[in-house]
Amino acid sequence: MGKQGSLYQRIYALVQRIPTGRVATYGQLARLTGTTPRVVGFALAALPAANDLPWQRVVNSYGMVSRRRDGERDQLQRALLENEGVNFDSRGRIDLSDYSWRFAEDD
DNA sequence: AGGTTGACAAAGG
DNA sequence: GCCTTTGCCAACC
């Protein structure tokens with residue numbers, strides 16, 4: 001592994017730090033880990049079905065749950081978020097100005 | 001080694 | 001604001 005762990009490990013470590021009831025975008029995590037948004041999505045897709053990460057807290061730049069190629073994971077994601085108090089509007093969007101995670105070194 | 005494929009994003013129309 | 005293009009880069013043939 002690299003000096004600071006693999007790229008995927010850095011992404012996962014960051015996802016782990018997103019607080020309950022908050023969301024981060026793929027682009028935000030990409031900037032913080034020095035990669036591109038697509039790779040963040042690819043890293044999350046590589047997670048096993050059962051994992052310890054709050055993976056549901058990662059959404060796209062429009063504040064929407066991104067659709068998977070298969071499965072009902074996106075529905076589960078919305079349910080989990082609503083369960084922790086995140087509000088979706090009639091078009092299925094989250095108001096990022098209210099719910100986005102503000103990263104700080106001392107979190 | 002080269003082409004394809006994404007849980008994306010920004011810019012253009 | 002929606003839809004389409006373009007850039008992106010790691011993974012997987």
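Scope of the values below: all heavy atoms of this structure, side chains included, with no hydrogens, waters or symmetry mates. Because the structure is predicted, anything quoted here is derived from the model rather than measured. In the text below, chain A, chain B and the rest are named by the order of the sequence lines, each starting its count at 1.
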Considering heavy-atom distances to DNA chain B, does A:Arg31 or A:Val58 have its closest nucleotide positioned more toward the 5' end?
A:Val58
Would you please confirm or rule out a distance under 4.0 Å between OP1 or OP2 of B:dA7 and any side-chain N or O of A:Arg78?
no
Using atom CZ of A:Phe42 as one end and atom P of C:dA10 as the other, report the distance to the nearest whole Å.
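Distance check: A:Phe42 CZ to C:dA10 P gives 11 Å.
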Spacing of A:Tyr62 atom OH relative to C:dT4 atom C1', expressed in whole Å
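One finds 11 Å between C1' of C:dT4 and OH of A:Tyr62, rounded.
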Rounded to whole angstrom units, what separation is found between the CZ atom of A:Arg67 and the C1' atom of B:dG6?
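So the CZ-C1' distance, A:Arg67 to B:dG6, works out to 15 Å.
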Tell me whether the side-chain N/O atoms of A:Ser66 come closer than 4.0 Å to OP1 or OP2 in B:dA7.
no
Starting at CZ of A:Arg102, measure out to CD of A:Gln28 and round the result to the nearest 0.5 Å.
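Between A:Arg102 CZ and A:Gln28 CD, I get 11.0 Å after rounding to 0.5 Å.
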Starting at atom OH of A:Tyr8, determine the distance to atom P of B:dG6, rounded to an integer number of angstrom.
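Nearest whole value for this atom pair: 13 Å.
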Should A:Leu81 and A:Val58 be counted in the same cluster of Ile, Leu, Val, Met, Phe, Trp and Tyr side chains packed under 4.5 Å apart?
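No, A:Leu81 does not connect to A:Val58 through the hydrophobic network.
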Can you identify which nucleotide, out of B:dA10, C:dC9, B:dA7, has its nearest atom closest to the A:Arg68 side chain?
B:dA7
d(CZ, A:Arg69; P, B:dT4) in whole Å:
15 Å
So which heavy atom on A:Trp101 is nearest to which on A:Ala24, and how close?
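Between these two residues, the closest heavy atoms are CE3-CB, 4.0 Å.
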Measuring from the side chain of A:Thr36 (C-beta onward, heavy atoms only), which nucleotide among B:dA7, B:dA10, C:dC9 has the closest atom?
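The listed nucleotide nearest to A:Thr36's side chain is C:dC9.
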Interatomic distance, A:Asn60 CG vs C:dG1 P [rounded to whole Å]:
15 Å
Axial cation check for A:Phe88 ring with A:Arg78, 6.0 Å and 45° limits:
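Yes, a cation-pi geometry.
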A:Leu14 atom CG is separated from B:dA7 atom P, nearest whole Å, by 20 Å
Looking only at side-chain atoms of A:Arg93, point me to the closest of B:dA9, C:dC2, B:dA7.
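Per side-chain heavy atoms of A:Arg93, the pick is C:dC2.
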When A:Glu84, A:Glu82, A:Arg73 are each screened for side chain to side chain donor-acceptor pair (under 3.5 Å) with A:Gln56, the one that passes is A:Glu84
Of the listed nucleotides B:dA7, C:dA10, B:dA11, the one nearest the side chain of A:Thr35
C:dA10
Report the distance from atom CG of A:Leu29 to atom C1' of B:dA7, rounded to the nearest whole Å.
12 Å
A:Val39 side chain, from C-beta outward: closest of B:dA7, C:dC9, B:dA9
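Nearest to the side-chain atoms of A:Val39, counting from C-beta on, is C:dC9.
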Quick one: label A:Arg73 by what it contacts on the DNA or RNA (base, sugar-phosphate, nothing), any heavy atom closer than 4.0 Å.
nothing
